[in-house]
J.: 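Input: one structure, supplied below.
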2 protein chains.
Amino acid sequence: MNEREFLENYDPRAFEPLAVTVDVVTLTIREGRLKVLLVERGEPPFAGRRALPGGFVRDDDLDNAARRELAEETGLLPRVHLEQLASFGDPGRDPRMRVVSVAYLAFGPSLADPVAGGDAATALWADVDAAGPLAFDHDRILAAGLERARSKLEYTPLATAFVGDEFTISELRSVYAAVWGEDLHAGNFHRKVLSVPGFVESTGATTERSSQRGGPRARLYRAGDARILHPALLRPAREEEVR
Amino acid sequence: MNEREFLENYDPRAFEPLAVTVDVVTLTIREGRLKVLLVERGEPPFAGRRALPGGFVRDDDLDNAARRELAEETGLLPRVHLEQLASFGDPGRDPRMRVVSVAYLAFGPSLADPVAGGDAATALWADVDAAGPLAFDHDRILAAGLERARSKLEYTPLATAFVGDEFTISELRSVYAAVWGEDLHAGNFHRKVLSVPGFVESTGATTERSSQRGGPRARLYRAGDARILHPALLRPAREEEVR
DNA sequence: GCAAAAGTGTTACCTGTACACCCATGC
DNA sequence: GCATGGGTGTACAGGTAACACTTTTGC
């Protein structure tokens with residue numbers, strides 16, 4: 001291949017038009033259940049269907065594009081953990097043209113209701129088990145995000161991104177219960193969290209007037225400096241997942 | 001936003017030209033060491049520098065684009081495990097124009113020498129510790145691929161993708177040693193591999209005339225049907241990684 | 001015989017799990 | 001007192017790590 005052919009091949013306009021978008025799977029916990037942030041599409045295709053918030057990549061890098069979309073379409077921004085999930089580029093995933101989507105995964109503590117803006121007609125928190133069917137291939141993207149979140153709870157302190165700056169071990173346990181969809185033994189969970197170095201550190205304080213019906217005041221903790229949990233908090237193994 | 005504005009925004013030609021490429025981190029084991037497949041660039045920018053094989057996304061989906069690149073540029077194809085790694089889209093990562101790269105990770109057993117083809121002037125297997133500096137941001141992509149590979153050896157039967165259809169436990173151990181960069185205790189490794197359900201299954205046969213200097217004939221195994229390893233084979237924890 | 005590598009036995013230790021239990025508090 | 005939930009003790013099961021040891025082959 002000579003120089004001329006090389007540069008021709010390098011021009012994307014020589015190929016089928018191709019767009020790059022970011023779509024964001026934003027998870028939080030509300031009412032003890034895991035919720036995902038969705039928007040309702042106002043335009044075809046899939047008008048009226050729910051979809052993940054997203055938009056086109058412009059001049060900024062991919063991470064910033066995801067952060068911008070989250071802010072523009074929903075008004076959410078502060079204190080969200082954001083990471084890249086995967087890319088989806090099947091031809092035909094958007095009926096209009098070839099679109100490659102870089103999906104992102106975001107976690108945040110329960111905040112105010114989302115504010116619709118940008119392209120989004122309305123924005124809402126939906127239960128993850130009752131979210132679909134979504135527009136495009138967003139069901140698949142959501143499923144990938146959920147699996148990633150469930151897995152990362154095991155070996156990273158990600159759960160602390162779902163709670164406030166100060167939290168009780170019980171609040172942390174309810175995060176695990178909501179994301180994994182199963183209850184955890186309170187006593188063992190408590191001991192295990194405290195035994196992982198750098199996961200949480202005590203503030204010395206306790207909850208003030210507890211909103212609970214009874215019981216002692218729980219001690220308050222903040223996130224520690226560990227980036228990975230060792231030893232990990234493993235989900236109870238399910239037989240069908242092993243083989 | 002009305003329909004007209006919407007469609008305008010939807011046209012990628014209204015924005016900065018944007019290309020999508022796939023770049024592939026292909027790993028194998030040769031001479032007991034972990035190697036990565038590289039090509040030597042014939043054209044600027046970075047002419048003469050090594051780079052990951054890759055190319056533009058055309059009509060096929062991303063997975064197929066990665067498979068095609070691997071075949072075109074290197075002549076390798078059969079029996080490679082291929083999975084998406086991550087996407088890289090920083091503005092300026094390619095000095096010519098905006099390029100979003102979807103990186104893939106491939107593993108295969110040691111095969112014939114790669115065949116240069118397509119854009120690649122030459123293709124070669126390089127030691128992973130002596131691969132860089134690579135063109136573009138490929139050092140970063142390679143680092144991401146290595147970390148993914150090291151991590152996946154722990155909880156998936158990925159190591160079996162580095163060996164032939166039938167293999168000995170020792171061969172499998174040498175895969176772990178090469179990828180993790182540390183020796184493992186032969187006896188304990190042996191017992192552990194056999195204790196994980198579905199990791200390997202015996203063929204009943206043994207090695208014929210062993211090429212080794214002495215010792216008994218090793219039994220042969222093939223990959224089992226487990227998709228995840230339970231319990232996992234954890235790397236020895238390093239203190240600096242914990243916090 | 002000797003060296004090398006496969007494979008096994010044994011033991012000490014460590015972690016996760018289950019379950020019982022105590023304690024502090026609100027009502 | 002009694003219910004509720006935070007927090008701890010303890011015993012058992014299972015996995016890990018270290019190390020010695022036996023077995024089988026090539027030279």
Side-chain angles (χ1 to χ4, degrees), chain A residues 32 153-155 163 166-177 180 182-197 199-200 202-221 229-239 242, chain B residues 32 153-155 163 166-177 180 182-221 226 228-239 242:
Chain A
L153 279 203
E154 295 190 333
Y155 58 93
V163 293
E166 302 199 340
F167 50 87
T168 67
I169 301 294
S170 281
E171 286 170 352
L172 201 61
R173 177 164 48 86
S174 74
V175 170
Y176 278 86
W180 285 351
E182 46 195 318
D183 288 334
L184 285 82
H185 186 286
N188 290 338
F189 181 85
H190 184 98
R191 185 176 9 212
K192 177 135 185 182
V193 166
L194 295 186
S195 77
V196 177
F199 190 4
V200 299
S202 175
T203 67
T206 64
T207 50
E208 266 315 312
R209 284 302 79 189
S210 57
S211 61
Q212 65 211 16
R213 278 177 288 185
R217 299 177 190 174
R219 281 172 240 184
L220 286 170
Y221 298 84
L229 303 185
H230 187 83
L233 281 83
L234 297 178
R235 282 177 275 188
R238 302 191 181 171
E239 280 309 315
V242 173
Chain B
L153 279 203
E154 294 190 334
Y155 59 92
V163 293
E166 303 200 338
F167 50 86
T168 67
I169 302 292
S170 282
E171 287 169 351
L172 202 61
R173 177 165 48 86
S174 74
V175 170
Y176 277 88
W180 284 349
E182 45 194 318
D183 287 333
L184 286 83
H185 186 286
N188 289 339
F189 180 86
H190 184 97
R191 186 176 10 216
K192 175 135 186 183
V193 166
L194 294 186
S195 78
V196 176
F199 190 4
V200 299
E201 54 189 35
S202 175
T203 67
T206 64
T207 51
E208 266 314 313
R209 285 302 80 186
S210 58
S211 61
Q212 65 211 12
R213 277 176 288 184
R217 300 177 189 172
R219 280 173 241 184
L220 285 170
Y221 298 84
I228 69 166
L229 302 185
H230 185 81
L233 281 82
L234 298 178
R235 280 178 277 188
R238 303 196 181 168
E239 280 310 314
V242 173

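Just so it is clear: chains get the letters A, B, ... in the order the sequence lines come, proteins before strands, and each one is counted from 1. What you are looking at is a predicted structure, and each value in this text was computed from that prediction instead of being measured.
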J.: Could you give the CG-to-C1' distance, from B/Leu194 to D/dG15, as a whole number of Å?
T.: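 Taking CG of B/Leu194 and C1' of D/dG15, I get 15 Å after rounding.
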J.: Taking only heavy atoms on the protein side, list every residue of residues 166-173 of chain A lying under 4.0 Å from any atom of DNA chain D, sorted numerically.
T.: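 Hits under 4.0 Å, by residue number: A/Ser170, A/Arg173.
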J.: Can you sort out the partners of A/Tyr176 under ring pair (Phe, Tyr, Trp, His ring centres under 6.0 Å), two or more places apart, ordered by chain and number?
T.: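 A/Tyr176: ring pair (Phe, Tyr, Trp, His ring centres under 6.0 Å) contacts with A/Trp180, A/Phe189.
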J.: List in chain and number order the residues that pass side chain to side chain donor-acceptor pair (under 3.5 Å) with B/Ser174, two or more places apart in sequence or in another chain; answer none if no residue qualifies.
T.: none
J.: Can you figure out which of D/dC19, C/dA6, D/dG7 approaches the side chain of B/Ala218 most closely?
T.: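 Given the options D/dC19, C/dA6, D/dG7, the side chain of B/Ala218 is closest to C/dA6.
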J.: Who are the side chain to side chain contact (heavy atoms under 4.5 Å, CB included) partners of A/Ala205, not counting sequence neighbours?
T.: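 Testing A/Ala205 for side chain to side chain contact (heavy atoms under 4.5 Å, CB included), a comparison that skips the adjacent residues, returns A/Thr203, A/Leu220.
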J.: Between the protein and nucleotides 15-17 of chain C, which nitrogen or oxygen pairs are less than 3.5 angstrom apart?
T.:
{"unit_1": "C/dG16", "atom_1": "OP1", "unit_2": "A/Lys192", "atom_2": "NZ", "d": "3.1"}

J.: Please enumerate all residues that pass side chain to side chain donor-acceptor pair (under 3.5 Å) together with B/Arg219, with sequence neighbours excluded.
T.: none
J.: Using every non-hydrogen atom in the two residues, find where B/His230 and B/Pro197 come nearest and quote the distance to one decimal.
T.: O-CD, 3.4 Å
J.: Tell me, do A/Thr168 and A/Val163 make a side-chain contact under 4.5 Å, heavy atoms counted?
T.: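 When only atoms from C-beta onward are counted, A/Val163 and A/Thr168 do not touch, as no gap falls below 4.5 Å.
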J.: To the nearest angstrom, how far is B/His185 atom NE2 from C/dG9 atom P?
T.: 15 Å
J.: Between B/Arg219 and C/dG7, is there a contact of a side-chain N or O with OP1 or OP2 at under 4.0 Å?
T.: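 Affirmative; the distance criterion is met.
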J.: By the side-chain hydrogen bond (donor to acceptor under 3.5 Å, both in side chains) test, which pairs, at least two apart or in different chains, include something from residues 186-198 of chain B?
T.: B/Asn188-B/Arg191
J.: Which heavy atom of A/Ala177 sits nearest a heavy atom of A/Asp183, and at what distance?
T.: CB-OD1, 4.2 Å
J.: Considering just the side-chain nitrogens and oxygens of B/His190, establish if one lies under 4.0 Å of OP1 or OP2 belonging to C/dT8.
T.: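 Yes, such a contact exists.
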J.: Give me the bend of the helix from C/dG1-D/dC27 to C/dC27-D/dG1, using the axes of the five pairs at each end, rounded to 10°.
T.: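 Answer for the end axes of this duplex: 10°.
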J.: First locate atom CG of A/Leu172, then atom CZ of A/Phe167, and finally report the distance between them rounded to the nearest 0.5 Å.
T.: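 Those atoms lie 5.5 Å apart.
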J.: Go through the structure and list residues passing ring pair (Phe, Tyr, Trp, His ring centres under 6.0 Å) with B/Tyr155, not counting sequence neighbours.
T.: none
J.: Return the value, rounded to whole Å, for the distance between atom CG of B/Leu184 and atom P of D/dA18.
T.: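 Spelled out: CG on B/Leu184 to P on D/dA18 is 11 Å.
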J.: Calculate the interatomic distance between A/Phe189 atom CZ and D/dT8 atom P; express it in whole Å.
T.: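 Rounded to whole Å, this separation is 15 Å.
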J.: With sequence neighbours excluded, tell me which residues meet salt bridge (charged side-chain N to carboxylate O under 4.0 Å, His left out) with B/Glu154.
T.: B/Arg235
